[in-house]
Trainee: 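Here it is: the structure, laid out below.
The figures here come from the full heavy-atom set of this structure, side chains too, leaving out hydrogens, waters and symmetry mates. Note on naming: letters A, B, ... go to the chains in the order of the sequence lines (proteins, then strands), and numbering restarts at 1 for each one.
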2 protein chains.
Amino acid sequence: MVKLAIQFIILSFDLFLYYRLYLSCMYSLLQHIQRFVSLTEEEIQLLTPYFTAKQTEKKEYLFKEGQICPANYFVSKGCYRLYFVNEKGVENIVQFAIENWWIADYMSLEKQIPSPFSLQSLETGELLVLEKQVQEELLGKVSKLERYFRIIAQRANGAAQVRIKYISELSGEERYVQFAASFPEFVQRIPQYMLASYLGFTPEFLSKLRAKKR
Amino acid sequence: MVKLAIQFIILSFDLFLYYRLYLSCMYSLLQHIQRFVSLTEEEIQLLTPYFTAKQTEKKEYLFKEGQICPANYFVSKGCYRLYFVNEKGVENIVQFAIENWWIADYMSLEKQIPSPFSLQSLETGELLVLEKQVQEELLGKVSKLERYFRIIAQRANGAAQVRIKYISELSGEERYVQFAASFPEFVQRIPQYMLASYLGFTPEFLSKLRAKKR
DNA sequence: TACGTTTCTTAATCTACATTAAGTTTTTCC
DNA sequence: GGAAAAACTTAATGTAGATTAAGAAACGTA
């Protein structure tokens with residue numbers, strides 16, 4: 001009987017922890033959504049069951065290369081990277097995501113094909129998980145979210161166009177200088193070798209740039 | 001009186017030409033939309049007034065660097081490029097669009113800021129024009145199109161992620177070889193120096209690669 | 001058809017960053 | 001707290017593609 005009581009308390013505590021995580025994440029997401037689309041109380045009620053909250057440990061994978069990207073992820077807390085490993089075994093980061101960003105391999109998610117990318121947590125984090133099938137159901141129930149996701153995707157699209165412009169136009173050094181000026185806290189937050197990877201050059205070269213700057 | 005009659009005939013002929021262009025473009029677009037979203041007859045009736053058809057001459061600009069991107073464009077016929085000019089005066093192509101593609105500077109369009117890009121026609125072409133404000137009205141009238149545009153944008157997103165992967169991973173030569181194998185007709189269709197620009201290297205280098213391949 | 005413009009080709013020289021190879025410092029984990 | 005792993009730094013050497021400078025070929029226009 002004591003064992004059962006203890007298990008019940010543990011279960012209730014787990015439930016409490018999950019609920020707290022879930023509320024925190026949903027709050028972030030609703031704040032984000034309402035920046036683009038206004039929702040009624042009813043719509044909010046309708047949409048909340050479609051999301052699952054997840055806590056991730058540092059280095060935890062959400063999916064790995066070769067797996068189908070299982071969901072679209074909204075970052076409530078933490079930092080994540082989408083990366084691939086090239087034929088020399090070197091990791092190349094294609095995208096980071098921090099609070100209030102969505103991240104996924106959108107080609108894999110859309111076409112349900114194995115991803116060449118892996119998605120990994122860089123620190124303890126909290127996410128909302130929206131699987132493809134679940135998203136389809138959700139959008140059937142709350143069609144206003146089609147608008148939200150369209151706006152998000154179009155913004156990401158514009159950002160990608162600008163990113164490709166920078167890759168073409170700026171030297172490695174210029175990219176570093178601009179990025180560090182635009183996102184100084186982010187630069188402190190991640191390992192320098194990952195920053196180098198994202199900016200498209202080697203950690204050795206980044207060391208050289210940093211030495212030059214001192 | 002004779003002059004009036006001639007003017008009326010000219011005006012009717014212009015209207016006929018426009019109508020023919022418009023029908024052709026709308027047909028392309030409706031075919032495209034129905035690949036993703038099914039529309040009722042009523043919805044089709046509702047949406048058609050929101051699009052303007054446009055014919056472009058070779059080299060014609062839809063917008064130039066420094067202007068706000070005025071619209072989202074659906075390509076019914078022809079080929080277009082989105083490019084910027086770097087500080088050395090060299091043109092860098094960020095994107096092409098051919099039949100059934102949408103193209104715009106999505107950052108400029110979304111935020112209504114001056115674009116660093118220009119959008120130019122590479123051959124005589126035909127487009128449907130959807131200005132931002134008009135799109136908002138349209139989406140208010142036929143909300144199903146939110147879904148269509150979300151899907152399109154998400155696919156473009158996935159494609160951009162893959163594009164960035166290729167830029168990081170493959171050498172210039174490898175990019176050329178893969179692109180030429182994947183899109184042989186497109187390679188014939190555009191000037192080689194534009195292909196080089198899009199793939200991220202100089203026309204001189206492309207000449208070298210082509211010589212090597214013979 | 002002739003001329004000017006655009007596109008493509010060729011080759012030598014240059015350069016931004018990669019690669020190789022360590023050593024040093026910081027972080028992690030038991 | 002100590003050892004191992006990870007991250008950062010340094011420097012010499014190498015390389016993929018850029019730059020420079022033309023010349024040749026193709027295209028467009030009057």
Trainee: Please evaluate residues B:R150 and B:Q154 with respect to the criterion side chain to side chain donor-acceptor pair (under 3.5 Å), reporting the C-alpha separation (whole Å), side-chain torsions for both, the decisive distance (0.1 Å), and the verdict.
Mentor: CA-CA 6 Å; B:R150 171 186 65 82; B:Q154 265 175 345; 2.8 Å; yes

Trainee: How close or far is atom P of D:dT15 from atom CD of B:E173, stated in whole angstroms?
Mentor: 15 Å

Trainee: Quick one: B:Q188 CD to C:dT7 P, roughly how many Å, whole number?
Mentor: 17 Å

Trainee: Calculate the interatomic distance between A:R175 atom CZ and C:dA16 atom P; express it in whole Å.
Mentor: 13 Å

Trainee: With a cut-off of under 6.0 Å to the ring centre and 45° to the axis, is B:R81 in cation-pi contact with B:Y83?
Mentor: yes

Trainee: Between D:dC8 and A:S207, is there an OP1 or OP2 to side-chain N/O distance shorter than 4.0 Å?
Mentor: no

Trainee: What is the separation between atom CD1 on A:I190 and atom C1' on D:dA6, rounded to the nearest whole Å?
Mentor: 16 Å

Trainee: Between C:dC8, C:dT10, D:dC8, which nucleotide gets closest to the side-chain atoms of B:A211?
Mentor: C:dT10

Trainee: Would you say that B:I164 contacts A:R163 through its side chain, given a criterion of any heavy-atom pair below 4.5 Å between the two side chains?
Mentor: yes

Trainee: Tell me whether the OP1 or OP2 atom of C:dA18 has a side-chain N or O from A:K208 closer than 4.0 Å.
Mentor: no

Trainee: Can you tell me if OH on A:Y27 sees more than 12 non-hydrogen neighbours from other groups inside 6.0 Å?
Mentor: no

Trainee: Using only side-chain N and O atoms of A:T202, determine if any of them is under 4.0 Å from OP1 or OP2 of C:dA18.
Mentor: yes

Trainee: Using the salt bridge (Lys or Arg N to Asp or Glu O under 4.0 Å) rule, pick out the option among B:K77, B:R189, B:K58 that qualifies with B:E123.
Mentor: B:R189

Trainee: Pick the nucleotide of DNA chain D nearest each of B:L170 and A:R210; which residue has the one closer to the 5' end?
Mentor: A:R210

Trainee: Roughly, in whole Å, what's the span from NZ in A:K212 to P in C:dA16?
Mentor: 9 Å

Trainee: Return yes when atom OH of B:Y18 has more than 12 non-hydrogen atoms of other residues, nucleotides or ligands closer than 6.0 Å, and no otherwise.
Mentor: yes

Trainee: Between A:Q95 and A:I103, is there a side-chain heavy-atom distance shorter than 4.5 Å?
Mentor: yes

Trainee: Roughly what angle, to 10°, lies between the helix axis at the start of the helix from C:dT1-D:dA30 to C:dC30-D:dG1 and the one at its end, five pairs per end?
Mentor: 60°

Trainee: Ignoring the backbone of A:E204, work out which of C:dC17, C:dT20, D:dT19 is nearest its side chain.
Mentor: C:dT20

Trainee: Establish, with yes or no, whether the OP1 or OP2 oxygen of C:dC8 is under 4.0 angstrom from a side-chain nitrogen or oxygen of B:Y193.
Mentor: no

Trainee: State whether B:K88 places a side-chain N or O below 4.0 Å from either non-bridging phosphate oxygen (OP1 or OP2) of D:dA18.
Mentor: no

Trainee: Calculate the interatomic distance between A:L209 atom CG and D:dT9 atom P; express it in whole Å.
Mentor: 11 Å

Trainee: I need the CG-C1' distance between A:L199 and C:dA18, as an integer number of Å.
Mentor: 16 Å

Trainee: Looking for any heavy atom pair under 4.0 Å, which part of the strands does A:K59 touch: base, sugar-phosphate only, or nothing?
Mentor: nothing

Trainee: Whole Å only: how far is the CZ atom of B:F201 from the P atom of C:dT15?
Mentor: 22 Å

